[in-house]
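Scroll down for the structure; my scribbles are underneath it.
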Amino acid sequence: MTTTEVNNFCIEKILQQKESPLFIAITGDSGSGKSYFSSLIKNEFKKRNLAYTYIDFDDFLIPRKDREPMKNMYYKEGEFKGKSYWEILENMFYLDKMKKVISDLREGKPSTYVPYSRETGDISLKEKTVNPADYIIFDTSMLLNLMDFVILVDVTRENIIKRKLKRDSDVRTPHEIIDMHNKVQGFYWDRAKPSNPDVTIDNNDVNNPKIIS
């Protein structure tokens, strides 16, 4: 299939849903291409004059300086015993703030928060307001249980690592790239990958994505 055909399939499936507002998650492992497909869906919504709000889950990252100390903080009991707080991806996000945004939009109210800035690695100085709409699109791998419709962008771990080695080689060594993914993003995704998404896109070949469910 072409990328356009895959995108059109997703759009038609979304438009068949009855919930209003409809909370849509485009999800996948880090590096799978979920942000790319999110942009395609947003562009198609614009073309069709469909009212939507878009939220990037990275807006809710904690400051970079607050993540580093987590490498020396360890769980002493429970599910993650022996692992550092840094290895548990959920610790790197303000999940309560994200839940508040979801709750506000569910109630048809605007929601205001202060997003993370990738440029500075810190929380922005400027507030951001998202407004209720017929369709709420999330680029996220978390809080999928709060979504109405889930599109999974599926890529094997082997291909994810290959892409990250190519993409991130200017900022990390190959060992750092592989270690971080396996310990953090990959470990999270092994626990959180949805077992029954509404649509699954096989994106192992970026030039030939496929709908597999």
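Below, all heavy atoms of this structure are taken into account, side chains as well, without hydrogens, waters or symmetry copies.
Ion pairing of Asp29 with Lys193 is absent here, as no side-chain N (NZ or NE/NH1/NH2) approaches a carboxylate O to less than 4.0 Å. A salt bridge does not link Lys164 to Asp168: none of the charged nitrogens lies less than 4.0 Å from a carboxylate oxygen. Between Lys97 and Asp59 there is no salt bridge, since none of the side-chain N atoms of the basic residue sits less than 4.0 Å from a carboxylate O of the acidic one. Glu68 and Lys65 are not joined by a salt bridge, as no carboxylate oxygen comes within less than 4.0 angstrom of a charged side-chain nitrogen. Using a cutoff of 4.0 Å between basic side-chain nitrogens and carboxylate oxygens, Glu119 and Arg64 are not scored as salt-bridged. Here Arg106 pairs with Asp148 in a salt bridge; the nearest charged N to carboxylate O distance falls below 4.0 Å. Ionic pairing of Asp96 and Lys100 is not present here: no N-O contact between side-chain nitrogen and carboxylate oxygen is shorter than 4.0 angstrom.
At least one side-chain heavy atom of Met98 sits less than 4.5 Å from a side-chain heavy atom of Leu143. Contact of the Pro174 side chain with the Ile177 side chain is not registered, since no non-hydrogen atoms from C-beta on lie closer than 4.5 Å. Put simply, the side chain of Ile211 does not reach to within 4.5 Å of the side chain of Asp202, judged on heavy atoms. For the pair Tyr188/Ile88, no side-chain contact is recorded, criterion being any heavy-atom separation below 4.5 Å from C-beta on. No side-chain heavy atom of Val206 sits under 4.5 Å from any side-chain heavy atom of Tyr36. Inter-residue side-chain proximity for Trp189 and Ile160 is flagged as unmet; no heavy-atom pair is nearer than 4.5 Å. By the 4.5 Å heavy-atom criterion applied to side chains, Thr173 and Glu176 are counted as neighbours. Contact of the Asn8 side chain with the Glu44 side chain is registered, since non-hydrogen atoms from C-beta on lie closer than 4.5 Å.
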*Does the side chain to side chain contact (heavy atoms under 4.5 Å, CB included) test come out yes or no for Leu165 and Ile178, once each step is laid out?*
CA-CA 8 Å; Leu165 287 170; Ile178 295 169; 4.2 Å; yes

*Mind running side chain to side chain contact (heavy atoms under 4.5 Å, CB included) on Val130 and Val101 for me, showing each step along the way?*
CA-CA 8 Å; Val130 289; Val101 170; 3.9 Å; yes

_Walk me through whether Ile136 and Ile24 qualify under side chain to side chain contact (heavy atoms under 4.5 Å, CB included)._
CA-CA 6 Å; Ile136 314 292; Ile24 306 158; over 6 Å; no

*Going through the distances and angles, do Thr140 and Ile55 end up as a side chain to side chain contact (heavy atoms under 4.5 Å, CB included)?*
CA-CA 8 Å; Thr140 181; Ile55 299 170; over 6 Å; no

*Report the C-alpha separation of Phe93 and Phe57 in whole Å, then their side-chain angles, then the decisive distance to 0.1 Å, and conclude whether the ring-ring contact (aromatic ring centres under 6.0 Å, His included) test is met.*
CA-CA 9 Å; Phe93 291 85; Phe57 197 68; 4.7 Å; yes

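One hydrophobic cluster holds both Met180 and Ile62 under the rule that ILVMFWY side chains link at heavy-atom gaps under 4.5 Å. Both Met70 and Phe187 belong to a single network of hydrophobic side chains, linked directly or stepwise wherever heavy atoms of I, L, V, M, F, W or Y lie under 4.5 Å apart. Hydrophobic clustering of Ile, Leu, Val, Met, Phe, Trp and Tyr side chains at less than 4.5 Å, counting indirect connections, keeps Val184 apart from Val155. A continuous path of Ile, Leu, Val, Met, Phe, Trp and Tyr side chains, each step under 4.5 Å between heavy atoms, connects Leu95 with Phe60, placing both in one hydrophobic cluster. Linking ILVMFWY residues whenever their side-chain heavy atoms come closer than 4.5 Å, directly or via other members, leaves Leu144 and Leu105 in distinct clusters.
Across all non-hydrogen atoms, the minimal contact from Ser124 to Val114 is O-CG1, 2.9 Å. For the residue pair Pro63 and Ile123, the shortest heavy atom distance occurs at CG-CG1, 3.8 Å. Of all the heavy atoms in Val199 and Cys10, the pair that sits closest is CG1-SG, 4.0 Å. The heavy-atom pair separating Gln185 from Ser30 by the smallest distance is CG-CB, 3.7 Å. What you find for Ser141 and Thr27 is that their closest heavy atoms are CA-OG1, 3.3 Å. Asn7 and Leu40 make their closest contact through ND2-O, 3.3 Å (heavy atoms, listed as atom of the first residue, atom of the second, distance).
Applying the side chain to side chain donor-acceptor pair (under 3.5 Å) test between Ser111 and each of Asp104, Asn131, Thr53, Thr129 identifies Asp104 as the sole match.
Here Ile26 contributes atom CD1 and Ser32 contributes atom OG; the two are 11.0 Å apart, rounded to the nearest 0.5 Å. Considering CD of Glu12 and CG of Leu15, their distance stands at 5.5 Å, rounded to 0.5 Å. Atoms CG and CG, on Asp122 and Leu61 in that order, are 11.5 Å from each other to the nearest 0.5 Å. The distance from the CG atom of Asp139 to the NZ atom of Lys42 is 8.0 Å, given to the nearest 0.5 Å. From Thr200, atom OG1 reaches atom CG of Leu152 across 4.5 Å, with rounding to the nearest 0.5 Å. Atoms CD and CG, from Gln16 and Leu22 in turn, are 11.5 Å apart once rounded to the nearest 0.5 Å.
No side-chain donor-acceptor contact under 3.5 Å links Gln17 to the backbone of Ile14. A donor-acceptor contact shorter than 3.5 Å links the side chain of Ser38 to the backbone of Lys34. With hydrogens and angles disregarded, a donor-acceptor distance shorter than 3.5 Å links the side chain of Asn208 to the backbone of Met1. Using modelled atom types, no side-chain atom of Tyr52 and backbone atom of Lys46 make a donor-acceptor pair closer than 3.5 Å. The closest donor-acceptor contact from the side chain of Asn43 to the backbone of Ser39 lies under 3.5 Å. Under a 3.5 Å cut-off, the side chain of Asp154 and the backbone N or O of Gly28 do not form any donor-acceptor pair. Under a 3.5 Å cut-off, the side chain of Asp134 and the backbone N or O of Leu50 do not form any donor-acceptor pair.
No more than 12 heavy atoms of other residues, nucleotides or ligands sit less than 6.0 Å from atom NZ of Lys13. Counting heavy atoms of neighbouring residues, nucleotides and ligands inside a 6.0 Å radius, atom CZ of Arg118 does not exceed 12 of them. The neighbour count for Glu107 CD, taken as heavy atoms of other residues, nucleotides or ligands under 6.0 Å away, is above 12. Other residues, nucleotides and ligands contribute over 12 non-hydrogen atoms within 6.0 Å of the OH atom of Tyr94.
Pairs passing the ring-ring contact (aromatic ring centres under 6.0 Å, His included) check and including a residue from residues 131-164, sequence neighbours excluded, read Phe23-Phe138, Phe45-Tyr135. The side chain to side chain donor-acceptor pair (under 3.5 Å) contacts involving residues 79-90 comprise Ser84-Glu87, Glu90-Arg191, where partners must be two or more places apart or lie in separate chains.
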